[in-house]
Amino acid sequence: MDNNLHIYNTLSKTKERFEPIMPPHVGMYVCGPTVYGDAHLGHARPAITFDIVFRYLKYLGYKVRYVRNITDVGHLENDADEGEDKIGKKARLEELEPMEVVKYFTDRYHINMDQLNVLHPSIEPTASGHIIEQIELVKQILDNGYAYESEGSVYFDVEKYSKDYKYGKLSGRKTEDLLKNTRALSGQDEKKNNFDFALWKKTDPKHIMHWPSPWSEGYPGWHLECSAMGAKYLGETFDIHGGGMDLLFPHHESEIAQSNACRGHDPVRYWMHNNMITINGQKMGKSLNNFITLNEFFSGEHSSLDQAYSPMTIRFFILQAHYRSTVDFSNEALKAAEKGMQKLINTVEVIKKLNASEKSSTDISSLKEKFFAAMNDDFNTPIAIAHLFDFSKVINQVNDGKETLSQVDIDRVKSLFDIFVFDILGLRNENVATGGDDTLVDDLMHTILEIRHNAKKNKDWATADSIRDELGKLNISIKDTKDGAEWSRE
RNA sequence: GGUACCGUGGCCGAGUGGCUAGGCAGUGGUCUGCAAAACCAUGUACAGCGGUUCGACUCCGCUCGGUACCUCCA
């Protein structure tokens with residue numbers, strides 16, 4: 001696989017040429033959602049970021065196994081006793097089963113991802129389905145002496161580990177600093193050092209999901225699932241591990257530590273981290289209660305939203321910023337993205353109708369090269385999109401008769417736009433109402449436009465405009481072009 | 001407090017030691033019955049103060065402002 005792809009590796013803090021361990025295969029693991037709430041903009045960012053990575057690697061010819069987990073263990077707490085009726089014992093069926101919550105939100109997450117045109121990962125394992133593997137990991141770490149048992153729980157011994165390995169190499173943290181600065185948490189007295197993290201936690205009454213283990217009835221530590229499932233499906237060392245920057249510490253740092261403690265080497269070659277999305281300059285998060293769910297964006301039903309924004313607008317908005325930059329949400333920015341994307345989609349439609357000339361008056365050969373150069377530079381989608389806009393202009397000029405393209409060039413540019421816009425960037429034309437999926441509607445529209453056309457011929461502007469206005473109320477827009485009227489759904 | 005990162009024109013957002021980013025909005029024009037779309041033209045941007053340099057928005061230092069992580073979080 002010959003490529004010039006460079007990826008920014010958080011571990012080395014530099015862009016490195018991408019060389020898979022076992023070409024043409026690539027293993028990629030991305031931290032997925034914790035399914036106890038609806039997905040919000042913050043979930044869309046990593047999903048779309050790594051969807052681009054997945055799509056692009058596949059386009060380059062790699063056989064990618066993309067693993068994205070579902071976290072369904074460890075964070076689910078029973079808050080039913082905060083409800084109004086905590087006196088009477090509820091019937092078994094009236095209590096929400098944890099797995100019911102998991103199923104409900106997993107389904108909703110999947111629907112949102114499909115709406116965003118995010119490809120399904122190759123494997124989507126759940127933490128609860130890999131308890132045995134996680135227990136095995138804890139055993140090995142204990143055997144190797146990098147963990148200790150305390151009151152039925154097992155903790156990772158960071159101090160011991162630091163004598164043989166470097167804890168903090170991913171996040172740039174030093175154990176001395178951690179010692180001074182880690183905040184006090186409940187249950188710290190069980191640990192040797194307060195920065196030691198749990199590998200196995202004995203059940204406390206709040207946790208409703210628990211499993212038997214050699215140490216206690218309990219549940220696995222926060223960082224274990226990714227170590228266990230990554231190794232199981234991608235091998236002890238794999239190519240790419242992705243996630244949000246907020247997971248860098250302690251989550252990914254601890255994954256590295258667990259892998260070394262267990263197997264004596266790092267688990268991952270390239271660590272990739274997407275940046276956060278902010279709202280009014282502040283990160284969105286559960287604790288800040290300032291997040292807008294994807295469903296709210298799609299429906300427009302939220303006090304901060306001026307209007308509804310389609311899934312593709314959200315996708316395009318995210319792709320217009322580099323994945324390692326923060327991106328600030330605002331209605332104005334989203335509206336700009338909406339119009340910009342429409343322009344690009346229009347171009348794809350325009351290309352289909354271009355008239356070929358004998359010769360091309362302009363050179364379109366650099367499009368491919370420029371687009372790939374941008375993508376190869378650490379997936380620089382904003383630059384890639386800027387190039388598409390440049391060529392969009394050329395195509396419109398051809399359409400206006402100001403430039404010409406030969407049939408060969410038209411075919412070439414059409415095929416490139418299809419690949420770039422739809423296959424790699426993963427956009428989708430949401431306005432397509434034609435295309436044979438609904439011939440009745442097509443026929444009806446054809447008839448209506450015919451009537452309007454005749455009215456226009458007779459200079460009966462009132463009728464022509466009335467048809468356009470009435471259709472507009474049905475969210476169908478009419479455009480008069482020199483080749484006749486066109487219609488599209490909004 | 002510790003550790004990072006960031007501060008670009010009305011808005012969003014790339015990038016670079018000297019060469020037009022791009023999108024949206026605005027303004028003027030072309031086209032059109034009107035509208036929309038499109039095209040053409042149009043903006044002395046890079047937080048502040050010093051320093052390095054022939055030359056810095058880009059490198060260094062300081063100041064101010066902002067954000068994130070250190071706790072479940074994408």
Side-chain angles (χ1 to χ4, degrees), chain A residues 13 30-34 36-37 39-50 71 74-77 168 171-174 176-186 195 222 242-251 253 273-278 281-288 291 316-317 320-322 324-344 346-347 349-350 374 377 380-390 392-393 395-397 399-403 456 459-461 464-465 468-469 472 477-482 485-486 488:
Chain A
K13 295 187 170 55
V30 174
C31 294
T34 301
Y36 67 146
H40 53 76
L41 250 200
H43 292 98
R45 185 110 199 244
I48 290 171
T49 296
F50 294 102
T71 298
H75 313 301
L76 293 165
E77 298 191 343
S171 57
R173 262 159 241 268
K174 298 185 177 73
E176 310 88 75
D177 294 339
L178 289 170
L179 192 59
K180 281 188 298 192
N181 296 306
T182 305
R183 295 179 199 177
L185 289 167
S186 61
F195 49 63
W222 316 304
M245 274 184 187
D246 52 343
L247 296 177
L248 223 145
F249 188 89
H251 187 57
E253 194 68 66
H273 292 93
N274 64 273
N275 215 320
M276 304 290 111
I277 284 181
T278 56
Q282 265 203 317
K283 147 184 165 131
M284 60 191 307
K286 286 175 187 129
S287 48
L288 292 166
F291 61 90
F316 191 74
F317 172 66
Q320 268 198 306
H322 186 85
R324 283 190 288 112
S325 302
T326 54
V327 58
D328 195 46
F329 152 82
S330 70
N331 280 287
E332 217 175 347
L334 236 33
K335 284 175 195 169
E338 184 176 49
K339 298 206 79 168
M341 185 189 62
Q342 197 50 55
K343 184 175 188 164
L344 225 44
N346 283 346
T347 299
E349 294 300 313
V350 167
D377 185 15
N380 198 327
T381 52
I383 293 287
I385 288 170
H387 290 314
L388 290 179
F389 277 119
D390 287 340
S392 169
K393 188 168 193 165
I395 287 154
N396 283 320
Q397 285 169 335
N399 193 41
D400 277 12
K402 295 192 165 93
E403 298 280 358
K456 283 180 66 179
K459 295 201 193 297
D460 180 2
W461 309 127
D465 290 352
R468 187 170 60 198
D469 292 348
S477 62
I478 301 294
K479 272 191 230 171
D480 290 321
T481 72
K482 58 182 192 298
E486 288 174 3
S488 60

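From a predicted model like this one, the values you see are computed outputs, not experimental measurements. To find a chain, count down the sequence lines: A is the first, B the second, and so on, and within it residues start at 1.
Checking the phosphate oxygens (OP1, OP2) of B:A37, no side-chain nitrogen or oxygen of A:N346 falls inside 4.0 Å. In terms of phosphate contacts, A:Q397 brings a side-chain nitrogen or oxygen within less than 4.0 Å of OP1 or OP2 of B:C40. Contact annotation: A:K343 side-chain N/O to B:C24 OP1/OP2 distance is under 4.0 Å. In this model, the phosphate group of B:A4 is not approached by any side-chain N or O of A:S171 to a distance below 4.0 Å at OP1 or OP2. Dashed line: the shortest gap from a side-chain N or O of A:K393 to OP1 or OP2 of B:C40 is under 4.0 Å. When the side-chain nitrogen and oxygen atoms of A:N275 are compared with OP1 and OP2 of B:A74, none of them lie within a distance under 4.0 Å.
Looking at the side chain of A:A386, the nearest of the listed nucleotides B:A74, B:C39, B:G22 is B:G22. Checking B:C34, B:C12, B:A74 against every side-chain atom of A:R468, the shortest atom distance belongs to B:C34.
For a distance-only test at 3.5 Å, the side chain of A:R173 fails to qualify as a donor-acceptor partner of the base of B:A4. The base of B:C6 is not paired with the side chain of A:R324 by any donor and acceptor separated by under 3.5 Å. A donor-acceptor contact under 3.5 Å is not formed by the side chain of A:N380 with the base of B:G15.
Counting any heavy atom pair closer than 4.0 Å across all strands shown, A:G340 reaches sugar-phosphate atoms only and no base atom. Using a 4.0 Å heavy-atom cutoff across all strands shown, A:V350 reaches no nucleic acid atom at all. Counting any heavy atom pair closer than 4.0 Å across all strands shown, A:T278 reaches no nucleic acid atom. Heavy atoms of A:I277 sit under 4.0 angstrom from at least one base atom. Residue-level contact check: A:I478 touches the bases, meaning some heavy atom is under 4.0 Å from a base atom.
Base pairing annotation: B:A35 forms no Watson-Crick or G-U wobble pair, as no partner gives both donor-acceptor distances under 3.5 Å. With both pairing distances under 3.5 Å, B:G18 is matched to B:C54 as a Watson-Crick or G-U wobble pair.
The CD-C1' distance, from A:Q320 to B:A21, rounds to 12 Å in whole Å. Rounded to an integer number of Å, the gap from A:M276 CE to B:A4 P is 18 Å. What separates CD1 of A:I385 from C1' of B:C24 is a distance of 14 Å, to the nearest Å. Nucleotide B:A74 holds its C1' atom 17 Å from the CZ atom of A:F329, rounded to whole Å.
B:C57 and B:A14 have their C1' atoms separated by 13 Å, given to the nearest Å. Rounded to whole Å, the C1' atom of B:U63 lies 26 Å from the corresponding atom of B:C70. Straight-line distance between the P atoms of B:A4 and B:C11: roughly 31 Å, to the nearest whole Å. When the C1' atom is compared between B:A56 and B:U3, the two are found 29 Å apart, to the nearest whole Å. For the P atom pair drawn from B:C5 and B:U42, the interatomic distance equals 40 Å after rounding to whole Å. Nucleotides B:G9 and B:G22 have their C1' atoms positioned 14 Å apart, rounded to a whole Å. Nucleotides B:A37 and B:G43 place their P atoms 23 Å apart, quoted to the nearest Å. For the C1' atoms, the distance from B:A74 to B:U32 is 48 Å, rounded to whole Å.
Residues A:P382 and A:N380 meet the side-chain proximity criterion, which asks for heavy atoms closer than 4.5 Å. Between A:N275 and A:R45, some side-chain heavy-atom pair lies under the 4.5 Å cut-off.
Mapping A:H251 and A:S325 onto RNA chain B by nearest heavy atom places A:S325 at the nucleotide closer to the 5' end. In terms of position on RNA chain B, the residue among A:H387 and A:D377 whose nearest nucleotide sits closer to the 5' end is A:D377.
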Practice prompt. Begin with the C-alpha distance, continue with both residues' side-chain angles, and end with the deciding distance and a verdict on side chain to side chain contact (heavy atoms under 4.5 Å, CB included) for A:F316 and A:Q320.
Written response: CA-CA 6 Å; A:F316 191 74; A:Q320 268 198 306; 3.5 Å; yes
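Remark: ring of A:W461 overlaps the six-membered base ring of B:G33 in a stacked fashion, centroids less than 5.5 Å apart, planes less than 30° apart.
For the pair A:N396 (side chain) and A:S392 (backbone), a donor-acceptor distance under 3.5 Å is present. In this structure, A:H387 contributes its side chain and A:A384 its backbone to no donor-acceptor pair below 3.5 Å.
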